[in-house]
Amino acid sequence: MGTLLPTAVILSACAGPLSTLDPAGPAAGRVAGLWWGMLAGASVLMALVLGLFALAFLKRDWQWQARSDKRWLLWGGLVMPLAVLTVLMGFALWVGERLLPHPADDVWRVEAKAERWQWRFSYPDRPDLGETVTVMTIPAGRPVDVDIVSQDVIHSFWVPRLAGKLDAIPGHRNRLRILADRAGTFSGVCAEYCGIGHAGMVFAVEALDDAAFAAFAGEVAR
Ligand SMILES: [Cu+2]
C-alpha cells in the first residue's frame, strides 16, 4: 500500500489531452510501448546500481578487491551498455519503420501548413472543402497522411495521442501517417520553439465516425 498510492498518483498524471501514455491510435501505441519498455529497463538497471551501492556500504568487509577491476569494467562498462543499446536501437528502428507512410488503401490526405503562429489545414483530394484554421478533420479508423509544410520558420507537428512529432521545415514536405482508433478530439501543439507566439500555436484533430465524416465531406455514407 505504501508504494501503491504514490504510484497511482504519479500514473494519474499520465492521462490528459497531451499524454503520449494515453494513445488513441496504433502509431502512438507503439511509441508508448517503447516508453514503457525503456522505463522497465531503466528501473532494472537503477535497482542493480542501487543494490551494488547499498552492498558497498553494508558489506564493507567483503573482498571487493578480489573481484578484478577489469572484469567490472568489461561487464558493467562495455558488455551491459552494448547489449542494452543494441536491443533499444533495434526496437526503436522497428517502431520507427512502422510509423512510415506505407502504401495503404483509402488514405485520407491532409496538408498541415505551419506559420507563425497558427496551423492551416486543407484537403488535397477535396479542395472544395477549403481551408480551416486550428481544426483538422479526419475520419476515425482510416489511415491519414499529413503533409507537413511551413510558411516561415521550423515548426513541429505533434498530436501526442496519435503519433510522434514531425518537423515542419520551410521548402520541405514531411509526411506523417496517423490513425485514430475511435472518434474524438485530440489536442496538438507546435513542438519546436518558433518565436513569441509558440505557446499558443495549438490545434485540434477532430476524428469523426463514418456518418459524421460523410456529412462533413458531403459524401454518401459508406
Ligand atoms: Cu511553431
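Indexing begins at 1, ligand by ligand and atom by atom, following the structure's order. When reading the values below, keep in mind they use all heavy atoms of this one structure, side chains included, and skip hydrogens, waters and symmetry mates. Owing to the predicted nature of the structure, the values given are computational and were not obtained by experimental measurement.
At distances below 3.5 Å, at least one donor-acceptor pair connects side-chain atoms of R142 with backbone N or O atoms of D106. Under the 3.5 Å distance criterion, the side-chain polar atoms of R177 are matched with a main-chain donor or acceptor of H102.
In this structure, Y193 and H198 have perpendicular ring planes: the angle between them is above 60°, well past the 30° mark.
In H155, the N, O or S atom that comes nearest to the Cu ion (ligand 1) is ND1.
Vertex the Cu ion (ligand 1); arms to M201 atom SD and C190 atom SG; angle 110° (nearest 10°).
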task: In sequence, state the C-alpha distance, the side-chain angles, and the governing distance for E206 and T185, and then conclude on side-chain hydrogen bond (donor to acceptor under 3.5 Å, both in side chains).
output: CA-CA 5 Å; E206 292 259 26; T185 302; 3.2 Å; yes
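Between the Cu ion (ligand 1) and H198 there is no N/O/S contact shorter than 2.8 Å. For residue Y193, no N/O/S atom approaches the Cu ion (ligand 1) to within less than 2.8 Å.
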